[in-house]
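See below for the structure under consideration.
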Protein chains: 2
Amino acid sequence: MTEEKVFTISELATMFDISSRTIRYYEEIGMLFSENRDSLTKQRTYTNRERRRLKMILRGKKLGFSLQEIKEMIGLYESNPEGEAEKSRIIAFADSKLKEIEEQIMQLQMLREDILTYKEKYENSRVKT
Amino acid sequence: MTEEKVFTISELATMFDISSRTIRYYEEIGMLFSENRDSLTKQRTYTNRERRRLKMILRGKKLGFSLQEIKEMIGLYESNPEGEAEKSRIIAFADSKLKEIEEQIMQLQMLREDILTYKEKYENSRVKT
DNA sequence: CTCCTAGTTGACGTAAACGTTAACCTAGTT
DNA sequence: AACTAGGTTAACGTTTACGTCAACTAGGAG
């Protein structure tokens, strides 16, 4: 019933269109974990939890964040702060990231407008042939 | 009257808080040009046009694009298409970039929501001290 | 003339994020 | 038994985007 589906490394790789090496690398630098590896074959298995982590990592990458930054952000999701000091430190980090993200959204909207403007310029300049 | 202000390399560098080396590198790979270099001292001078180009490059970088991608996008701004075929090729490129950018904005908004959610979770869990 | 500042061209070095290859293991065919 | 498919570790290679350093030059300040 509660049998959780697990994935092999190549299943995850094809699922997200990345290489197995990439997944091993993420594990190497502590961004991904493979629980319950077969003690004999040493093969990695991943749970849905790790699949979601990987998805977050790839989203972060597409958005231009470094793996280090992504690691810290995921840490935000998973941290269990002890005491008020730790909590406000985390909230401050969240706020700074939020500001950064909002700035990035604004810049992207500006870039979008720019490209639209140039595109329309081309569309309206009919070439006489 | 129409005397355009020009900048030295270190002026531009401090203006955008980057190194001179970075500027030379961008020139090296054909993303920036220094017109009218002193024939004796070989010193570079930049016009407002190049200052704007540099600004675009740095914006692109902050948004997570590679220098190659940025180069292509700037090419979009500066291209002067000959004939309908060339024009529709450029418009198609613009469209694909626009899609990409809109997707990126959406992802950023989702990330923003995620972080907000987690932040509020921490804020509302008062620690009893 | 000497020194300092600001620039120049190579050319080699480096961090991040993987790619690639070698040498090995195990499970499942044929 | 031999082969194939899919996985493992270890280690060296590669690309991007610069950093760093050496050796040189031209223009002023004193």
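Each chain gets a letter, A, B and so on, in the order the sequences are listed, and its residues count up from 1.
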Side-chain N,O (B:T22) to OP1/OP2 (D:dG19) below 4.0 Å | yes
Please figure out whether A:R21 or A:R24 has its closest DNA chain D nucleotide nearer the 5' end.
-> A:R24
Reported CD-to-CD1 distance for the pair B:Q107 and A:I105, which is rounded to 0.5 angstrom = 11.0 Å
A:L67 atom CG is separated from C:dA16 atom P, nearest whole Å, by 10 Å
Taking only side-chain nitrogens and oxygens of B:K61, does any of them come within less than 4.0 Å of OP1 or OP2 of D:dC18?
-> yes
Can you check whether B:T8 has a side-chain N or O nearer than 4.0 Å to OP1 or OP2 of C:dG7?
-> yes
About how many Å separate CZ of B:R24 and OG of B:S34, when rounded to the nearest 0.5 Å?
-> 10.0 Å
Taking 4.0 angstrom as the limit, do B:R21 and B:E28 come out as a salt bridge?
-> yes
Hey, does the side chain of B:T41 come within less than 4.0 Å of D:dG27's phosphate (OP1/OP2), counting only N and O?
-> no
Atom CD of B:E28 and atom P of D:dT15: how far apart are they, to the nearest Å?
-> 16 Å
For B:R44, answer base if it contacts any base atom (sugar-phosphate contacts may also be present), sugar-phosphate if it contacts only those atoms, and nothing otherwise; contact means non-hydrogen atoms under 4.0 Å.
-> sugar-phosphate
Kindly indicate whether the side chain of B:L32, heavy atoms from C-beta on, has any atom under 4.5 Å from the side chain of B:Y25.
-> no
Is B:R37 near enough to C:dT9 that one of its side-chain N or O atoms lies under 4.0 angstrom from OP1 or OP2?
-> yes
Have a look at A:S20 and say if it touches a base, only the backbone sugar-phosphate, or nothing, with a 4.0 Å heavy-atom cut-off.
-> nothing
D:dG19 phosphate, OP1 or OP2, under 4.0 Å from B:Y25 side-chain N/O | no
Counter-base of C:dA22, judged by Watson-Crick or G-U geometry with both distances under 3.5 Å | D:dT9
Look at all strands and tell whether B:I29 reaches a base, only sugar-phosphate, or nothing, counting heavy atoms closer than 4.0 Å.
-> nothing
How close or far is atom C1' of D:dT25 from atom CG of B:D38, stated in whole angstroms?
-> 12 Å
Thinking salt bridges, do B:R49 and B:E78 make one under a 4.0 Å N-O criterion?
-> yes
Using atom CD of B:E27 as one end and atom P of C:dG10 as the other, report the distance to the nearest whole Å.
-> 13 Å
Roughly how many Å is it from CD1 in A:I70 to P in C:dA17, rounded to a whole number?
-> 8 Å
With respect to the side chain of A:S10, which nucleotide from D:dG27, C:dC18, D:dG7 is positioned closest?
-> D:dG7
Could you state the atom-to-atom distance from CD of A:Q68 to C1' of C:dA16 in whole Å?
-> 10 Å
Take the protein atom CD1 of B:I23 and the nucleotide atom P of D:dG19, then report the distance between them rounded to whole Å.
-> 11 Å
Residues, nucleotides or ligands: over 12 heavy atoms within 6.0 Å of B:E102 CD = yes
Protein-nucleotide distance (B:Q43, atom CD; D:dT25, atom C1'), rounded to Å = 10 Å
Indicate whether OP1 or OP2 belonging to C:dC18 is found under 4.0 Å from a side-chain N or O atom of A:S19.
-> no
